[in-house]
Amino acid sequence: MWRHVGARRRRGKMAAPGESGEAAAFARRIDPAREPGLSPEQRRLMAQVEHAQRQRALQRRLRSRNVLLALGIGAVTFGIYGYTFYSVSQERFLDELEQEAEAARARARARAEGAAS
């Protein structure tokens, strides 16, 4: 746990941890097991709060990782989708089939006109 300790600024520098002061303050790490005057209930509550803080930090870290993963998967998906549309628009085999069909129709018309005359 962190215990709040007063600190004083002198000429732009922080005061030593044992000094008391009116302006700035900082926290120092304590060990609840060795801290005199704490009841077992207080130690248990401190451990519970530390555990909850660790869980929140872990959830924040996992949430940001999940967001990055989702953005990556979305980017890959849209990339594949876009590439598929691009490659399909570049294919000309249907145009070639249409030209062959038009040539076949023209030959059939020519034969029909030749047979009719």
Side-chain angles (χ1 to χ4, degrees):
M1 286 307 307
W2 294 93
R3 174 171 280 169
H4 191 66
V5 178
R8 179 175 54 182
R9 289 185 175 265
R10 251 187 276 161
R11 295 185 191 147
K13 296 181 182 178
M14 290 191 74
E19 294 180 17
S20 63
E22 66 280 344
F26 64 95
R28 68 178 171 90
R29 184 90 174 147
I30 65 167
D31 184 10
R34 292 191 213 149
E35 190 67 25
L38 288 179
S39 70
E41 180 65 19
Q42 288 172 325
R43 286 187 178 107
R44 187 187 65 76
L45 284 173
M46 289 173 76
Q48 209 172 18
V49 168
E50 281 184 345
H51 179 71
Q53 288 174 344
R54 271 189 245 111
Q55 290 297 325
R56 276 196 300 272
L58 179 65
Q59 285 175 348
R60 258 183 270 134
R61 190 173 24 201
L62 288 176
R63 189 175 303 126
S64 63
R65 285 181 188 170
N66 288 344
V67 166
L68 288 175
L69 180 64
L71 288 174
I73 290 172
V76 168
T77 302
F78 281 117
I80 291 171
Y81 187 73
Y83 177 75
T84 302
F85 268 94
Y86 174 74
S87 63
V88 166
S89 69
Q90 296 296 316
E91 293 178 359
R92 303 287 181 217
F93 72 92
L94 290 177
D95 295 339
E96 293 170 6
L97 290 176
E98 187 64 36
Q99 288 172 355
E100 289 176 19
E102 186 62 38
R105 281 190 222 116
R107 285 192 303 266
R109 253 187 264 123
R111 271 190 246 137
E113 288 175 4
S117 49

Under the side chain to side chain contact (heavy atoms under 4.5 Å, CB included) rule, what do Gln53 and Val49 come out as? Steps first, then yes or no, please.
-> CA-CA 6 Å; Gln53 288 174 344; Val49 168; 3.9 Å; yes

Could you list the donor-acceptor pairs under 3.5 angstrom formed by side chains in residues 70-85, with sequence neighbours left out?
{"residue": "Thr77", "atom": "OG1", "partner": "Ile73", "partner atom": "O", "Å": "2.8"}
{"residue": "Thr84", "atom": "OG1", "partner": "Ile80", "partner atom": "O", "Å": "2.7"}

Distance-only donor-acceptor pairs under 3.5 Å for side chains of residues 100-112, two or more places apart:
{"residue": "Glu102", "atom": "OE1", "partner": "Arg105", "partner atom": "NH1", "Å": "2.9"}

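Taking all atoms of both residues into account, the shortest heavy-atom contact from Leu38 to Arg43 is O-NH1, 3.0 Å.
By the salt bridge (Lys or Arg N to Asp or Glu O under 4.0 Å) test, Arg56 is found to be paired with no residue, residues two or more places apart in sequence or in another chain being considered. Residues satisfying the salt bridge (Lys or Arg N to Asp or Glu O under 4.0 Å) criterion with Arg44, sequence neighbours excluded, are Glu41. By the side-chain contact (heavy atoms from CB on, under 4.5 Å) test, Gln99 is found to be paired with no residue, residues two or more places apart in sequence or in another chain being considered.
Between the CG atom of Leu62 and the CG atom of Leu69 there is a distance of 11.5 Å, given to the nearest 0.5 Å.
Residue pairs meeting the salt bridge (Lys or Arg N to Asp or Glu O under 4.0 Å) criterion with at least one partner in residues 58-70, sequence neighbours excluded, do not occur; the list is empty.
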